[in-house]
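To start, the structure under review is shown below, and the notes come after it.
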Amino acid sequence: MVLNNPYQTYQKQAVTTSRPEDLTFMLYQGLVKFIRLSKEALKNNNFEDSNNYNLRAQDILSELMITLKKEYSVAEQLLTMYDYMKSRLIEANLNKNLELLDEVEGFAVELSDTWSTAMKQAKIKS
């Protein structure tokens, strides 16, 4: 018998019923979360967990890249930024480099904050 974890059930429902802009925000939040978890694990010399969290962050960047809407002028710039961030995560993972994780975390936080502000402004206008 398989028992459902209530939190996982809630998360799945939140994702399947969310608007695209909310999903993007969730991805940004997850990106920040996994980079921070990777950093913390690396600081504790837990290389396996750091690697796993780093890979999760890379997966989120891949998803952001795939779901970009090319018809928007900012899409090409975002694609370049996501690609750069992903390459830095790979390098950080290979070299166990906290400074690179700090760099990517800074970009991820900025993207998340900017997206949050844009969503709030869009709600005000509508």
Side-chain angles (χ1 to χ4, degrees):
M1 182 168 113
V2 176
L3 297 176
N4 285 332
N5 177 325
Y7 180 69
Q8 288 177 332
T9 302
Y10 169 79
Q11 275 189 316
K12 184 176 180 181
Q13 185 174 2
V15 168
T16 57
T17 61
S18 293
R19 300 173 305 166
E21 58 269 23
D22 294 328
L23 292 174
T24 299
F25 186 60
M26 287 181 211
L27 288 170
Y28 283 141
Q29 289 178 314
L31 179 60
V32 171
K33 171 186 158 186
F34 288 118
I35 292 168
R36 289 179 175 165
L37 288 169
S38 180
K39 284 174 48 178
E40 192 59 35
L42 187 56
K43 288 176 187 174
N44 293 320
N45 293 319
N46 187 337
F47 301 122
E48 184 178 349
D49 283 351
S50 179
N51 173 64
N52 290 333
Y53 293 132
N54 187 305
L55 292 175
R56 298 277 304 268
Q58 291 178 47
D59 288 344
I60 290 171
L61 284 167
S62 294
E63 182 67 21
L64 287 165
M65 293 166 92
I66 291 167
T67 58
L68 269 175
K69 296 188 185 252
K70 307 284 193 238
E71 64 269 17
Y72 294 109
S73 60
V74 72
E76 191 59 40
Q77 293 158 335
L78 283 171
L79 183 61
T80 301
M81 184 66 173
Y82 296 155
D83 187 52
Y84 175 78
M85 292 169 68
K86 189 171 178 181
S87 70
R88 298 300 270 178
L89 283 175
I90 293 167
E91 187 178 344
N93 208 15
L94 290 172
N95 298 314
K96 311 298 181 237
N97 188 314
L98 278 171
E99 291 80 21
L100 292 177
L101 290 173
D102 286 335
E103 176 189 356
V104 179
E105 179 188 9
F107 293 137
V109 168
E110 188 173 331
L111 286 165
S112 180
D113 291 347
T114 300
W115 192 260
S116 176
T117 300
M119 286 175 49
K120 288 174 188 169
Q121 290 176 348
K123 286 181 184 178
I124 291 170
K125 291 180 181 178
S126 59

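- For the atom pair OG of S112 and NZ of K33, the computed distance is 13.5 Å after rounding to the nearest 0.5 Å.
- Of the possible donor and acceptor atoms, one in the side chain of T117 sits under 3.5 Å from a partner among the backbone N and O of D113.
- If you check the side chains of S50 and K96, you find no donor sitting under 3.5 Å from an acceptor.
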Side chain to side chain contact (heavy atoms under 4.5 Å, CB included) for N51 and F47? Distances and angles first, verdict last. CA-CA 6 Å; N51 173 64; F47 301 122; over 6 Å; no
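- Scanning all heavy atoms of the two residues, the minimum distance from I35 to L101 falls at CG2-O, 3.6 Å.
- Under a hydrophobic clustering in which Ile, Leu, Val, Met, Phe, Trp and Tyr are joined whenever their side-chain heavy atoms come within less than 4.5 Å, directly or via other members, V74 and M81 fall into the same cluster.
- Heavy-atom contacts from other residues, nucleotides or ligands closer than 6.0 Å to CD of E91 number more than 12.
- In terms of the salt bridge (charged side-chain N to carboxylate O under 4.0 Å, His left out) criterion, residue partners of E21 (sequence neighbours excluded) are, by chain and number, R19.
- Y84 places a side-chain heavy atom less than 4.5 Å from the side chain of E103.
- Of all the heavy atoms in R88 and L100, the pair that sits closest is NH2-CD2, 2.8 Å.
- The two residues A108 and M85 come nearest to each other via the heavy atoms N-CE, 3.8 Å.
- A chain of hydrophobic side-chain contacts below 4.5 Å, direct or via other Ile, Leu, Val, Met, Phe, Trp or Tyr residues, connects L98 to F107.
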Passes side chain to side chain contact (heavy atoms under 4.5 Å, CB included), Y53 versus L42? Steps please. CA-CA 10 Å; Y53 293 132; L42 187 56; over 6 Å; no
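- The CG atom of L64 lies 7.0 Å from the CG atom of L31; values are rounded to the nearest 0.5 Å.
- Using a distance-only test at 3.5 Å, with no hydrogens or angles considered, a donor-acceptor pair links the side chain of S62 to the main chain of Q58.
- With a 4.5 Å cut-off on side-chain heavy atoms, L111 and Y82 count as touching.
- With sequence neighbours left out, D102 forms a salt bridge (charged side-chain N to carboxylate O under 4.0 Å, His left out) with K39.
- Although no hydrogens or angles enter the test, the distance criterion places no donor-acceptor pair under 3.5 Å between the side chain of D83 and the main chain of L79.
- When the side chains of ILVMFWY residues are joined at heavy-atom separations under 4.5 Å, either directly or via intervening members, L61 and F25 end up in a single hydrophobic cluster.
- When all heavy atoms of N46 and D49 are compared, the closest pair comes out as ND2-OD2, 2.9 Å.
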Run the side chain to side chain contact (heavy atoms under 4.5 Å, CB included) check on L23 and M26 step by step: do they pass? CA-CA 5 Å; L23 292 174; M26 287 181 211; 4.3 Å; yes
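- Separation of atoms OG1 (T80) and CD (E76) is listed at 5.0 Å; rounding is to 0.5 Å.
- Evaluated for a side-chain contact (heavy atoms from CB on, under 4.5 Å) with F34, the options N54, I60, L89, L55 yield exactly one hit, I60.
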